[in-house]
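Below is one structure, written out as structure tokens, with a few remarks after it.
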Number of protein chains: 2
Amino acid sequence: MYSIGELSRRTEVKVPTIRYYEDIGLMPPAERSSGNQRRYDRAGLERLSFIRHARDLGFSIEAISSLIVLEETPDRSCLDATRIAERHLAEIRDKIRRLTALEAELQRITGACEGDSAAQDCDILAALADHDLCADAH
Amino acid sequence: MYSIGELSRRTEVKVPTIRYYEDIGLMPPAERSSGNQRRYDRAGLERLSFIRHARDLGFSIEAISSLIVLEETPDRSCLDATRIAERHLAEIRDKIRRLTALEAELQRITGACEGDSAAQDCDILAALADHDLCADAH
DNA sequence: CTTGAACCTCTAGTTGCTAGAGAGATTACC
DNA sequence: GGTAATCTCTCTAGCAACTAGAGGTTCAAG
């Protein structure tokens with residue numbers, strides 16, 4: 001049995017975060033020692049590792065909840081998991097697309113400024129003040 | 001003079017958001033009508049447009065505050081604005097880099113699954129459960 | 001002068017945690 | 001077995017950047 005600190009070390013999830021996951025029902029209520037401290041077994045470790053990994057991959061808590069349900073009802077098809085992952089992938093691609101557009105715009109703006117003019121002539125501030133100067137709509 | 005609703009329409013910033021900006025000091029306290037409703041002039045419109053545009057470009061409220069200070073002290077050099085914008089650009093590039101790595105990993109995971117196997121064999125769930133299956137560290 | 005839309009303030013909720021206070025439990029060492 | 005150091009407990013409050021709703025007031029059109 002692991003203490004919460006030990007679990008934290010093994011999964012690299014911070015202690016208060018583990019308690020938070022229990023609060024919101026992502027982790028099941030932990031067993032307790034005689035002194036009311038949380039104790040975890042291998043199942044707890046694996047569940048938290050799963051959560052950690054999914055968070056690393058950017059899944060929302062809500063999506064992870066769904067994935068856990070799927071994991072625990074092994075007679076269900078894997079289609080739902082695929083759908084969740086693919087929706088997430090689509091979101092990530094959308095984010096990348098938007099960030100890339102921002103990058104281009106920002107580069108254009110910062111590139112325009114020499115960096116030594118007085119602020120009333122600063123092209124960055126001018127570009128921010130006037131949307132019409134933008135290359136494309138955002 | 002514009003009402004808050006009119007300002008909202010012109011800048012495409014929602015009414016409660018405008019009030020929120022005033023609360024946190026990003027917008028100066030608005031003048032009021034005899035009946036205590038907010039009234040804005042051209043300066044208010046321009047300031048909110050500036051904020052809106054900077055938010056669109058992903059600047060944080062804090063960064064925008066700094067930019068506004070720069071805008072209002074025209075004797076200061078534009079170097080600070082450049083620095084803020086460049087730091088932000090670096091952050092965006094970092095985000096893109098991390099998201100792109102995630103995209104590759106997620107694509108690998110979702111691509112592995114046929115989508116018709118039973119959940120206990122689902123490669124997505126297996127990949128999420130076992131970090132060792134990952135192509136690279138994240 | 002009335003009606004209905006727009007406005008007011010205030011509180012609380014969102015996501016995914018993090019920080020801190022003050023008290024109790026456990027463990028290591030002598 | 002004692003005691004000191006380190007965990008751990010619960011609880012509340014805070015972060016960013018808003019959004020939603022309640023309950024009440026003001027404005028503008030007809």
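Keep in mind that the numbers below use all heavy atoms, side chains included, and drop hydrogens, waters and symmetry copies. Order of the sequence lines sets the chain letters (A, B, ...), proteins ahead of strands, with each chain counted from 1.
- Side chain of B/Pro16, nearest nucleotide from D/dT19, C/dT18, D/dT26: D/dT19.
- Among D/dT10, D/dT8, C/dT18, the nucleotide with an atom closest to any side-chain atom of A/Asn36 is D/dT10.
- In this structure, the side chains of A/Leu26 and A/Tyr20 stay at 4.5 Å or more apart for every pair of heavy atoms.
- Going from atom OH of B/Tyr2 over to atom C1' of C/dC7 covers 19 Å, rounded to whole Å.
- In this structure, the CD1 atom of B/Ile51 is 10 Å from the P atom of D/dC18, given to the nearest Å.
- As a whole-Å value, the separation of A/Gln37 CD from D/dT8 C1' is 4 Å.
- For B/Glu31 and C/dC7, the CD to C1' distance is 17 Å, given to the nearest whole Å.
- Atom-to-atom, CD of A/Glu22 to C1' of C/dG16 comes out at 17 Å; the value is rounded to the nearest Å.
- The phosphate of D/dC9 has neither OP1 nor OP2 within less than 4.0 Å of any side-chain N or O from A/Arg39.
- A close approach under 4.0 Å does not occur between any side-chain nitrogen or oxygen of B/Ser33 and OP1 or OP2 of D/dT26.
- Phosphate proximity of D/dC18 to B/Arg55: present, with a side-chain N or O under 4.0 Å from OP1 or OP2.
- Salt bridge A/Glu22/A/Arg32: present, at least one basic N to carboxylate O contact under 4.0 Å.
- Counting non-hydrogen atoms of neighbouring residues, nucleotides and ligands closer than 6.0 angstrom, the CD atom of B/Glu62 reaches no more than 12 such neighbours.
- We find that B/Arg47 and B/Glu72 are joined by a salt bridge, their nearest charged nitrogen and carboxylate oxygen being less than 4.0 Å apart.
- Residues A/Gly35 and A/Glu62 each lie close to DNA chain C; by heavy-atom proximity, the contact nearer the 5' end of the strand is made by A/Glu62.
- Contacts of B/Arg32 with the nucleic acid, taken as non-hydrogen atoms under 4.0 Å apart, involve only primed sugar atoms and P, OP1 or OP2.
- Ion pairing between B/Glu31 and B/Arg38 fails under the 4.0 Å rule for side-chain N and carboxylate O.
- The interatomic distance linking A/Met1 (CE) with C/dT26 (P) rounds to 13 Å, in whole Å.
- For A/Lys14, taking side-chain heavy atoms from C-beta onward, the closest of the listed nucleotides C/dT18, C/dC8, C/dG16 is C/dT18.
- Put simply, A/Arg19 has a side-chain N or O that comes within less than 4.0 Å of OP1 or OP2 on D/dC9.
- Here the side chain of B/Tyr20 is nearest to one of D/dC18, D/dC27, D/dT8, namely D/dC18.
- The side chain of A/Ile61 lies closest to C/dC17 when the candidates are C/dG24, C/dC17, C/dC8.
- Whole-Å rounding puts the A/Glu91 CD to C/dT15 P distance at 14 Å.
- When heavy atoms are screened at a 4.0 angstrom cut-off, B/Ile4 is found touching the sugar-phosphate backbone but no base atom.
- Distance A/Ile64 CD1 to C/dT15 C1': 12 Å, rounded to the nearest Å.
- For D/dT8, the OP1/OP2 oxygens have a side-chain nitrogen or oxygen of A/Ser3 closer than 4.0 Å.
- A sub-4.0 Å separation between OP1 or OP2 of C/dT9 and a side-chain N or O of B/Arg38 is present.
- Residues A/Tyr40 and A/Leu48 have side chains not in contact (no heavy-atom distance under 4.5 Å, counting atoms from C-beta outward).
- As judged by a 4.0 angstrom heavy-atom cut-off over every strand, B/Tyr21 is placed among residues touching the sugar-phosphate backbone only.
- Contact annotation: B/Thr17 reaches the phosphate of D/dT19 (side-chain N/O to OP1 or OP2, under 4.0 Å).
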